[in-house]
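First the proteins, then the strands, lettered A, B, ... as listed; each starts at 1. A quick note: this is a predicted structure, and the numbers were derived from the prediction, not measured.
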Amino acid sequence: MNTAEQTISHEQNEYLSFVLSDEHYALDITSVKEIRGYEPVTKIANAPPFIKGVLNLRGDIVPIIDLRIKFNVGEPVYNEFTIVIMLNVLDRIVGIVVDGVSDVIRLTDDEVRPPPEFGVAFDSQYLHGLASVGEHMVILVNIESLISSEELGLFDSHNDGGDK
Amino acid sequence: MSIDIEQFHAVFFDESQEHLDDMEQLLMELDVDDPDLEQLNSIFRAAHSIKGGSGIFGFDALTGLTHVMENLLDKARNSTIKLDVPTVDLFLETVDLLKVILDAYKSQSDLPDEDIQQGVAALEQALAKSAGDAPPPQDGEPAAESASQAADDGFGFFDDDEPVADDGFGFFDDDEPVVGQQAEVPAAVASVAPEGQQDMSDSFGFYDESALPVKPDEIKPYGFFKPVEQIRDDVKSVAKSNEIKEEVKPGSRRKAADTKTAAKETSSIRVDTHKIDSMVNLVGELVITQSMLSMISEEVTGTVGQKLQTAIGELQRNTREIQESAMSMRMLPINMTFNRFPRVVRDLSTKLGKKVNLVIEGGATEIDKSMIEKLVDPLTHLVRNSIDHGIEKTETRVEAGKSETGTVILRAEQKGGNIVISIIDDGAGLNRDRIVAKARENGLSAPDDMPDKEVWKLIFQPGFSTAAEVTDVSGRGVGMDVVRRNIESIGGRIDIESRAGNGSAFYIQLPLTLAIVDGISVAIGDQIFVVPLVNIIESIQPTREQIKSIGNDNLLWIREQYWPLVAVHQMMDVDDAIEQPTEGIVVLLESSKRRYGILVDSLLGQQQVVIKSLEQHYRKVPGISGATIMGDGRVAMILDADSIAERCRPLAEEELLA
């Protein structure tokens, strides 16, 4: 009874769904590089609280963002079940911390509902859309625009951020 | 300084080969009807580089041919002549010929003189045609021309050694009978043999792809000349038909090149730097895994534990050696580039009748190989500029009250997160008026009150050559814009300082993306930082008497001087750091303009670290020049003494040492 199974003639996109607290999110699977456990990171001076720091990913210095802090959902705990999804976005590698990874889902564009225009705390510019999978509502994150957003401050922009 | 000229020859050969390959590719891609100026410029630059390099080493055949080619190319890119297919063909043929000449120089065999003369003649003919504004040549004409050249090219190989060539052809001429009459073959071979092994492999290997792997003993005459059919065809086609020339020419040449490079290949191999990058990274990971293993092995006791530790000790040695060799693949002392300049300066100063003394400093500074290669052209250009435009003639110098001999300093040094290469001369300096005039001539805005710094930047504009006349030293328009572009392509920056009458200085700042830095790792609170050794003056454990304070800021009194103490733990937002100077250790640092001390909890040890860019996946962080990976796999930040000083301006600006 999975809606994702009802393949019409439309092309399906694959999404990796993950859990933040009790909310279900998903992102375009083509940007996922790998999934790992959480490891201690090296703190970066004057970074916003959701940027946990950097770690060594086979020789690359990769920033780690805790989406739970960024989206303000749940309690950021770090244990052996905490998951980091390594993403390849715009030629960069960025890790995001989530509570868990649930499934790979397939959705056609028809199944993706546009986000409501108001009434949600989640900034709609990072929202690709909403979909219902089983009995859950899955929030499809536009990971590219999120990662490259000025708000996240991952990329150098005119404001140098964090100056005391 | 002793110079191993062979070393530079090899570099020149490699570079020229690359330039020729580029030229060939660009020529192939060139749209004859609507040529891309950038492409033409690139081709021109490649030719120019070969000409320049070959001139330095005295490879006159290359210089001569590229010179004529360059003239024609120059006309093409200035649209003085219209490009057409025969011209491009002619260029391609010239490129082929250049490759042959290059190979000849490389293998130190005789030059195909006849071919060169014909090549030059063909180019000059084209030049003359363009000068006379003649209509594009008829189809038949260049074809015939190139055909004769093609044939010559092919045979040119044998010109290296006349007797062999004759034997070879004599042999092939009675191709048919030989096949039937075995007796004649050994005779033919025997007549060749005395010429020596090398001749054999050179000219015969030329025809036979399978010649090399076959052991000489096993070579039956037929086996040796295996593709008889093909050779026969080749020979015939060369002899009487020019239709198949395309097949013969590139094919036979490539084979010739193969056999020659095959012999060289053992000594050096060119590898894509990305492959080395990923290997260096992986080896780094291997080292970390190994140290994790050795930590675990300490928990294993008994005889098994001992065995394990012996094995891991072995592994440790091996991984370290692998790491060292992987690193060394990437890094080279900049002397590789610098060492060519004494010759450049000597030749150029003789040619221009100037007395120039070249001073090289910091040649041992290690730099990424890919940067070394890309630095060659801009540095050559800058040094030549300094001598040609900067240093004055002897009389002028004497008149101006300077020493007869001008000085050019070529210096490399590591400064904070950068490598700075300076080209400094004590010549006349840049001519502000002439640059401004030239800028206006080129339609650029150059107000009278423009600051000097801005004026100097104007010379980086395309087409900005202030040379009064075109010489073979400079002034052809391969200008500073190309220099700047080359430097920017490796993430660098170029600055100019100049004072009329005192000389000019060009500073090239290059990033340390892959450079290794000697550093001391220090603990500050719960974090580890690396302080570059170049910035460290000393470390001391201050006594209570040495600490003074102004307001909330601490000063360190040492050897009759006050040093400001920078609260790095605050700047780096570190928890649980020692805040009492007397409880920790003060590291005295020197950045480019300021001196200050930082307070750390403890010193952990000195080590070489590979600087990794934070900006690659994150962004620039103030006070940090990069990151590195420590032995346990954790990331440590590398402190940037310059930017820490800048961020502490109010305190550090006390200029207590002034």
Novice: State, with a plain yes or no, whether a side-chain heavy atom of B:V621 is found less than 4.5 Å away from one of A:N46.
Specialist: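 They are not in contact (no side-chain heavy atoms under 4.5 Å apart), so the answer is no.
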Novice: I'd like to know whether CZ of A:R36 has more than 12 heavy-atom contacts from other residues, nucleotides or ligands below 6.0 angstrom.
Specialist: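 Yes, enclosed.
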Novice: Counting only heavy atoms from other residues, nucleotides and ligands, does the tally under 6.0 Å from CG of B:D575 exceed 12?
Specialist: yes
Novice: So which atom in A:K43 and which in B:M637 form the shortest heavy-atom distance, rounded to 0.1 Å?
Specialist: O-CE, 4.1 Å
Novice: Would you indicate whether the side-chain heavy atoms of B:Y618 and A:I44 approach each other to under 4.5 Å?
Specialist: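 They are in side-chain contact.
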Novice: Go through the atoms of A:V89 and report whether side chain, backbone, both or neither lie under 4.5 Å from a heavy atom of chain B.
Specialist: neither
Novice: Which atom pair, heavy atoms only, marks the closest approach of A:A45 to B:D573?
Specialist: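 Distance-wise, the nearest heavy atoms are CA-CB, 4.2 Å.
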Novice: Okay, side chain of A:T42, backbone of B:V635: is any donor-acceptor separation there less than 3.5 Å?
Specialist: yes
Novice: Once salt bridge (Lys or Arg N to Asp or Glu O under 4.0 Å) is applied, what residue pairs with a partner in residues 48-60 of chain A remain, sequence neighbours excluded?
Specialist: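 Residue pairs with at least one partner in residues 48-60 of chain A: A:E34-A:R58.
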Novice: For the candidates B:V574, B:I629, B:D526, B:I624, which exhibits the highest count of non-hydrogen atom pairs separated by less than 4.5 Å from chain A?
Specialist: B:I629
Novice: Is it true that atom CD of A:E80 has more than 12 heavy atoms of other residues, nucleotides or ligands lying nearer than 6.0 Å?
Specialist: yes
Novice: Relative to chain A, which segment of B:Q527 carries a heavy atom at a distance below 4.5 Å: side chain, backbone, both, or neither?
Specialist: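 Interface part for B:Q527: side chain.
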Novice: CG of A:L90 to NE2 of B:H617: how many Å apart, nearest 0.5 Å?
Specialist: 12.5 Å
